[in-house]
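Only one structure is covered here, and it is reproduced in the block below.
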Amino acid sequence: MSKEDYLAWANEAFDIRRIFDKPEALKGLRVVELCTLILGPAHAVFLAEMGAEVIKVELPGTGDTMRYVSPRGMFWQNQSLGFFSENRNKYHVTIDVRKAEGKELFKKLIARADVFIENLTAGTMDEWGLGYHQLSAINPGLIYIAKNGFGQWGPYAKGRASYDAVAQAQSGIGFITGFPGRPPLKMGIFIGDYFGAIMSAASVMAALHYRKRTGRGQFIDYAQSEGLIRMLDWTWAYQYLTGQDRDRYGNWDVAICPSGIFRCGDGFIAIAAATDAEFAALAKAMDRPGLAEDARFRTLADRLKEENSRELQKILDEWTAGKTQGEIDRLGGEFGFAAAPVYSEADTYRNEHWRARGATWQHEDPVYGDTVEYGPVVKMSETPGRIKWSAKPVGFDNEFVFGTILGLGKEEQAVLKAKGITTKWADRVGAKPPDDWQGEGLIFNRGGEE
Amino acid sequence: MEYPYHVGWEDWTRLHTDPAKGRGKPEALDDLLVLDLSYGNMGGLFCSSILGELGAEVIRVEPPAGDIAREFSPFGYKHRGVGLAYLVEGRNKYHVTCDLHTEKGRELLKRLARKADILIESFQPGVLDELGIGYRQLAEINPGLIYLAFSTYGQFGPLAGSNKPDYDITNQAMSTLVNMTGEPEWDGPAPYAVPTKVGNWYGWYNPGAWGAFGALSALFFRDAGGRGQLLDISGAEGVAAAMDYDCLWYHAFGMTRERIGSLDNGVFPYTYIRVKDGYAFIAGFSDPNFTGLTNIMNRPDLRGQFPTIVDRLQIENELKIKDEIEKWSINYTAAEILDMVSNYHGVGTVATARVNSPREVMDEDNWYQRGALSLVDDPVYGRILVQQPPWKMTLTPPRIKWLCRPVGYDNEYVYLKHLGLGRSDVAALRREGAV
């Protein structure tokens, strides 16, 4: 079979126009989350993209803190931009789990759930009488995952406030990012949260496989600082074996050569070529095929020697300075080495390849209208992930969830609401629907309220 | 399960999830067989590490000369012949050789794939298909197979046939992560004021984690009676999708993120600051928390200057606030600031942490108590400190069994166990160059 034949087949097999005609991988899985910010909600959203039914429980009124985190304080249709990407495809309900009737309602949900995700301060659920002991007593098959900065036990577990950047600082990843002799760089993204969300999603799927085999649920403790420590590749072995310290090395990779970010005529570009064949291809593209025969650069082991590595970096710097992003990008494909421009959001947003893949995913949300977000990451031929709707205001789906899943009648719901157990959104940007909202997107009680 | 609940939450969770006590417990994935054919790709290797840590039997299939990833190592340093990156991610895997460019080698692979649950590869799209051992051919002999393909551009779409290998650095660059990381040029151009990569191989570890999650989601579908499938994982897309609001910010307002060093677009103060003994992180961005921070600094006047979250999120104000914090913080060590924060009991919560070097991380007892870092005594490579799996699980704790194996170390065991080949069969295959 030719490569063209395979690519044509793959285009057909993954055609994004057919996604909704295919089944979902996690159909039948019910997930309850009691989470704020990103570490927990992002985990739940990954399951929701794969087809799980995710019920996001928030405290009445203002809800999740992420509803108030938005770049430069710019809110979109009364919702924070930060809240959207971790909360699509979910059902949004409110329960004041600190009150007795709220606890009872919450337990009813847990009795019907497969997975429970929380990312509160260690022990908070337990103090509320809703810890693993109580919930697993109601539902022995429950997979309960608790996530935070430093875990549920150990010296740092108690009384220490943690954010993503605390984990970045404490794990070493902040220190190793940036240039030598310059300050360390905090990543502008919440890397510990998102990486932690993917990793913990994997562990929950493993626990579900085990439950399928044995019927047994379990408790999982995930510390995002430890996820980042896990991610630091060769760092620990290097320091232990050589006694040397890992530093920050700017844009140059000291363990793969060449691999780095280079300035070219009209921007910046990434180039890498680890194998000898790829390096020979790069040398040829540079019109300097002799480099591949040069004793300093012949094999990866030669190129990785510090002095040779620096020499090669200089040679590449000089070459890229006289080229454009587009030229080097094209040469990479033509000759067979890795090259990619340093993209901005404008580039990925407009990129037709990403549009064709659903990597940038356009949909029309009933509440927020025309929306483009990054789509589900893992593209699946049989059970593709999908975005069905965007995040919703606080308590948006109360009637649907309490009415259909828990079977509460209208009057029971009204009582809970009157007592403040299940109050919906506060009149506050971040919590409430857009100003011009007319009740679109509600499954029950069309016409809206409050 | 019994709950000696009187011990309290912290003690109970420690009792039931301490990795040091997990050895005798069952493993979540020990009924799975995984083939990892990835080449020169830490994403594929990390993916199979996750599955192996959770109990799967992972067979690394390398060409007879070994994976080029065995050469990836800082300054080319080797430990008993293997690079440190591979030494870390060779964990729990059996290592066989199989030359996929020979007919015999492909036959061996097909026989293994017939029994496998998950297969991982990182060749350019279509390469294995052309050899007759891609997803289409293997799914025919094993319809339950979950087949993971790692790449930068993916298996479909206009640029899928780009003819470019998959690397950490290109995944980071395409994702927009590099564009928005680094020092700005506010004080003029400088060699360091450029788009900057993240220090570790995040452009590979990110898709590796996505791959494990995707594979186990596909397994969930198969456990429920569904068939196997092809999973296409682009590292560039994986990194981008783990970056908050960027896409929507551009969609809604046409805004893109600029390089702003260690400041932050969405929350402030939430930044690295200079302290007496290096750098520390400090946060106090909501109104009550900013009150807390300014109380600790004894600078209540700052609340009047920057009263709302929106005021504090304007870049020129972030710079002013950071200056004011550093006038205070430079007089104290990171530990002293942590003490002040911990002993403050007024309005708001302030978070702080020293920006530790990896050496300082390695010197902290917390990680050893938690089992995040620990020594492994490997039969081939000796005693080495490595990072451990990050999940603590009560019933099926993950674990490291060994660190790595030399090229082809397990040929005889694996080919005997799975294909019934005796020593002389393997020797014959070796003479023919298939293994």
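Each chain gets a letter, A, B and so on, in the order the sequences are listed, and its residues count up from 1.
Not one N or O on the side chain of B:Q155 forms a donor-acceptor pair closer than 3.5 Å with the backbone of A:A10. Side-chain atoms of A:R357 never come within 3.5 Å of backbone atoms of B:P158 as a donor-acceptor pair (strictly under, hydrogens ignored). Checking side-chain atoms of B:T394 against main-chain N and O of A:F219 turns up a donor-acceptor pair under 3.5 Å.
When side chains are defined from C-beta on, B:P74 does not count as touching A:R246, because their heavy atoms never get closer than 4.5 Å. Residues A:M199 and B:W391 meet the side-chain proximity criterion, which asks for heavy atoms closer than 4.5 Å. Counting heavy atoms from C-beta on, the side chains of A:Q168 and B:F281 never come closer than 4.5 Å. Counting only heavy atoms from C-beta outward, the side chains of B:Y245 and A:P71 approach each other to under 4.5 Å. Residues A:E24 and B:F221 have side chains not in contact (no heavy-atom distance under 4.5 Å, counting atoms from C-beta outward).
Interface check for chain A: of the options B:D246, B:L87, B:V127, B:D166, the most heavy-atom pairs under 4.5 Å are formed by B:D246. Ranked by heavy-atom pairs under 4.5 Å with chain A, the list B:A160, B:S234, B:S357, B:P125 is led by B:S357. Most heavy-atom pairs under 4.5 Å with chain A: of the set B:V310, B:L177, B:T152, B:V198, this distinction falls to B:V198. Counting heavy-atom pairs under 4.5 Å between each of B:G83, B:G76, B:G132 and chain A puts B:G76 at the top. Ranked by non-hydrogen atom pairs under 4.5 Å with chain A, the options B:A242, B:G157, B:A351, B:G266 are led by B:A242.
In this structure, chain B has a heavy atom under 4.5 Å from the side chain of A:L208, while its backbone stays farther away. If you measure heavy-atom distances from B:Y192 to chain A, the contacts under 4.5 Å come from both the backbone and the side chain. For a residue to count as touching a neighbouring chain, one of its non-hydrogen atoms must lie under 4.5 Å from one of that chain's; by this rule B:L373 touches chain A with the side chain only. Of the two parts of A:Y163, the backbone and the side chain both hold a non-hydrogen atom closer than 4.5 Å to a non-hydrogen atom of chain B. Heavy atoms closer than 4.5 Å to chain A are found nowhere in B:E360, neither backbone nor side chain. With a 4.5 Å cut-off on non-hydrogen atoms, B:A236 touches chain A through its backbone and its side chain both. Using a 4.5 Å cut-off between heavy atoms, A:F190 touches chain B through backbone and side chain atoms alike. Heavy atoms of B:L385 lying under 4.5 Å from chain A belong to its backbone as well as its side chain. The parts of A:L185 that come within reach of chain B are both its backbone and its side chain, each placing non-hydrogen atoms under 4.5 angstrom from that chain. In this structure, chain B has a heavy atom under 4.5 Å from the backbone of A:S70, while its side chain stays farther away. For chain B, no part of A:P376 is nearby; none of its heavy atoms comes within less than 4.5 Å. When heavy atoms are compared at a cutoff of 4.5 Å, A:S344 approaches chain B by way of both its backbone and its side chain. Only the side chain of B:E364 comes within less than 4.5 Å of a heavy atom in chain A; its backbone stays farther off. When heavy atoms are compared at a cutoff of 4.5 Å, A:F175 approaches chain B by way of both its backbone and its side chain. With a 4.5 angstrom heavy-atom cutoff, B:D31 touches chain A via backbone and side-chain atoms both. Of the two parts of A:M50, only the side chain, counted from C-beta on, holds a non-hydrogen atom closer than 4.5 Å to a non-hydrogen atom of chain B. Proximity to chain A (any heavy atom under 4.5 Å) is shown, for B:I169, by both the backbone and the side chain.
Under 3.5 Å, the side chains of A:T383 and B:Q229 contain a donor-acceptor pair of N or O atoms.
Taking the six-membered ring where the residue is Trp, the centroids of B:F156 and A:F14 are separated by under 6.0 Å. Here B:Y250 and A:W76 keep their ring centres 6.0 angstrom or further from each other. Between A:W234 and B:Y77, the ring centre distance reaches or exceeds 6.0 Å.
For A:K158, the salt bridge (charged side-chain N to carboxylate O under 4.0 Å, His left out) partners are B:E10, not counting sequence neighbours. For the side chain to side chain donor-acceptor pair (under 3.5 Å) test, no residue two or more places apart in sequence or in another chain qualifies with A:R263.
Between A:Y249 and B:F75, the angle of the ring planes goes over 60°, which puts this pair in the perpendicular group of the 30/60° scheme.
For the pair A:M380 and B:G214, the tightest heavy-atom approach, listed with the atom from each and the gap, is CE-O, 4.0 Å. Heavy-atom minimum distance, B:P358 versus A:W236: O-CZ3, 3.3 Å.
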**OP:** Show your reasoning for whether side chain to side chain contact (heavy atoms under 4.5 Å, CB included) applies to A:R230 and B:Y205.
**Re:** CA-CA 9 Å; A:R230 175 67 184 88; B:Y205 275 74; 4.2 Å; yes
**OP:** Go through A:W153 and B:D18 one step at a time and tell me if the side chain to side chain donor-acceptor pair (under 3.5 Å) criterion holds.
**Re:** CA-CA 9 Å; A:W153 54 269; B:D18 187 345; over 6 Å; no
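Surrounding CD of A:E334 are more than 12 heavy atoms belonging to other residues, nucleotides or ligands, all under 6.0 Å away.
Between atom OG of residue A:S225 and atom CG of residue B:N366 there is a gap of 7.0 Å, rounded to the nearest 0.5 Å. The CD atom of A:Q170 sits 9.5 Å away from atom CZ of B:R354, with the distance rounded to the nearest 0.5 Å.
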